[in-house]
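These notes concern the structure reproduced below.
Worth saying up front: this structure is predicted, and the values here are computed from it rather than measured. The figures here come from the full heavy-atom set of this structure, side chains too, leaving out hydrogens, waters and symmetry mates.
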Amino acid sequence: MSAPPPPAIVLVRPQLGENIGKAARAMLNFGLTELRLVAPRDGWPNPSAGPAASGADIVIEQAQVFDSVAEAVADSAHVYATTVRKRGVTKPVVTPEQAATLVRTQPGKSAILFGPERAGLETDDVALARTIITAPINPAFGSLNLAQAVILVAYEWSKGEKLAMPPETELPLPAPQEELDGMIAQLDVMLDAAGFFHPPDRTPVTRRTLRTLLTKPGWSSQEVRTLRGVLSAIDRPRDRG
């Protein structure tokens with residue numbers, strides 16, 4: 001069985017073109033491209049959306065416009081409504097992370113509804129959905145703007161996608177034990193000559209502590225050589241005159 005398609009993001013009666021553009025940008029950041037608009041207040045296309053999308057032109061250009069929520073989700077087997085309140089409608093409530101799992105595992109098309117900026121989804125909008133998405137949020141300040149709400153949901157969905165990740169720095173191979181032992185022995189000789197091991201009865205414990213410190217995971221051969229060079233310079237300082 002093939003994997004379900006990516007969800008459609010449905011903005012219900014969005015008010016500002018700038019917010020539509022920012023939502024489109026958030027979508028494309030996390031691999032979503034299907035934007036559906038229900039009765040945008042200022043019509044569509046909106047000249048303010050493009051600049052706010054900051055390069056997410058494919059989302060803006062392919063956006064579809066519908067007269068009603070019912071029309072916008074007619075092809076969807078799973079409809080989610082994002083809201084901080086149930087608004088008197090009894091439906092299952094999930095987090096964005098749980099919703100992302102459902103979208104990925106349930107066969108069929110999914111659509112996710114986001115309400116207008118000022119008041120969010122109406123009760124009748126939520127009634128069309130089968131599941132409510134609510135993000136854990138500060139109860140004393142539960143206000144998210146439209147793009148923030150979209151990015152929360154899109155990010156959780158993107159976790160299952162193979163999107164570009166920051167390049168990883170190739171780590172050097174760990175130094176062989178022989179090299180570490182040589183470095184520790186060199187340091188031991190220098191510390192002994194400097195009278196570091198005092199009082200004598202504490203010498204075994206002090207040496208053990210130093211070995212534990214210097215054999216923590218991660219030393220590379222280059223790091224060992226560098227520190228030994230430092231030790232040699234301290235032991236045999238050059239005449240800088």
Cluster overlap Val12 with Leu128, hydrophobic side-chain contacts below 4.5 Å: yes

Euclidean distance, Arg202 CZ relative to Thr209 OG1, rounded to 0.5 Å: 7.5 Å

For Val103, the option from Pro6, Pro4, Pro7, Pro5 that meets side-chain contact (heavy atoms from CB on, under 4.5 Å): Pro7

Connected via hydrophobic side-chain network under 4.5 Å: Leu32 and Ile60: yes

Side-chain donor or acceptor of Gln148 paired with backbone N/O of Leu144 under 3.5 Å: no

Over all atoms of both residues, closest heavy-atom pair of Ala26 and Ala154: O-CB, 4.3 Å

Salt bridge flag under 4.0 Å for residues Lys109 and Glu34: yes

Cluster link Phe196 to Met190, ILVMFWY, side chain under 4.5 Å: yes

pair Leu113-Val79: side-chain heavy atoms closer than 4.5 Å: yes

Pro136 to Pro96 - nearest heavy-atom pair and separation: CD-CD, 4.4 Å

Minimum-distance pair of heavy atoms, taken over all atoms of Ala72 and Arg36: O-NH1, 2.6 Å

Atom CD of Glu97: over 12 foreign heavy atoms under 6.0 Å: no

Stepwise side chain to side chain contact (heavy atoms under 4.5 Å, CB included) test for Val150 and Leu11: CA-CA 9 Å; Val150 171; Leu11 306 186; 4.3 Å; yes

Gln186-Ser232 side chain donor-acceptor pair, cut-off 3.5 Å: yes

Donor-acceptor contact present, side-chain Asp125 to main-chain Glu122, <3.5 Å: yes

Exercise: identify the closest heavy-atom pair between Ala77 and Gly108: CB-CA, 4.3 Å

Thr33 side-chain N/O to Val59 backbone N/O, donor-acceptor pair under 3.5 Å: no

Over 12 foreign heavy atoms within 6.0 Å of CD1, Ile137: yes

From CA spacing to verdict: side chain to side chain contact (heavy atoms under 4.5 Å, CB included), Leu35, Ile20: CA-CA 9 Å; Leu35 175 62; Ile20 297 174; 4.1 Å; yes

Distance-minimising heavy-atom pair for Leu146 and Gly115: CD1-O, 3.8 Å

Separation between CG of Leu37 and CD1 of Ile9, rounded to the nearest 0.5 Å: 11.5 Å

Residues in ring pair (Phe, Tyr, Trp, His ring centres under 6.0 Å) contact with Tyr155, at least two apart in sequence or another chain: Phe30

CD on Glu117 to CD on Glu18, rounded to 0.5 Å: 9.5 Å

Derivation of the side chain to side chain contact (heavy atoms under 4.5 Å, CB included) call for Leu121 and Val69: CA-CA 11 Å; Leu121 294 170; Val69 176; over 6 Å; no

Distance in Å, Thr206 OG1 paired with Arg211 CZ, rounded so as to fall on 0.5 Å steps: 14.5 Å

Minimum side-chain heavy-atom gap Ile112-Trp157 below 4.5 Å: no

ILVMFWY network linking Val65 to Val73, side-chain heavy atoms under 4.5 angstrom: no

Min side-chain heavy-atom separation Phe197-Leu210 under 4.5 Å: yes

Heavy-atom side-chain contact between Asp188 and Arg207 under 4.5 Å: yes

Nearest atoms (heavy-atom pairs only) where Ala24 meets Ala56: O-CB, 3.7 Å

Within 6.0 Å of CG in Asp67, more than 12 heavy atoms from elsewhere: no

Interatomic spacing from CD in Gln177 to OG1 in Thr215 - rounded to 0.5 Å: 7.0 Å

Validation row: Leu16, Ser48 side chains within 4.5 angstrom (heavy atoms): no

Donor-acceptor contact below 3.5 Å, side chain Arg41 vs main chain Gln15: yes

4.5 Å side-chain heavy-atom contact, Pro92 and Gln98: no

Same apolar cluster: Val93 and Val126, side chain cutoff 4.5 Å: yes

CZ-CD1 distance between Arg228 and Ile184, expressed to the nearest 0.5 angstrom: 10.0 Å

Flag side-chain contact, heavy atom, 4.5 Å: Tyr80 against Val10: no

Min side-chain heavy-atom separation Thr83-Ile132 under 4.5 Å: yes

Working for side chain to side chain contact (heavy atoms under 4.5 Å, CB included), residues His78 and Leu102: CA-CA 9 Å; His78 312 286; Leu102 292 172; over 6 Å; no

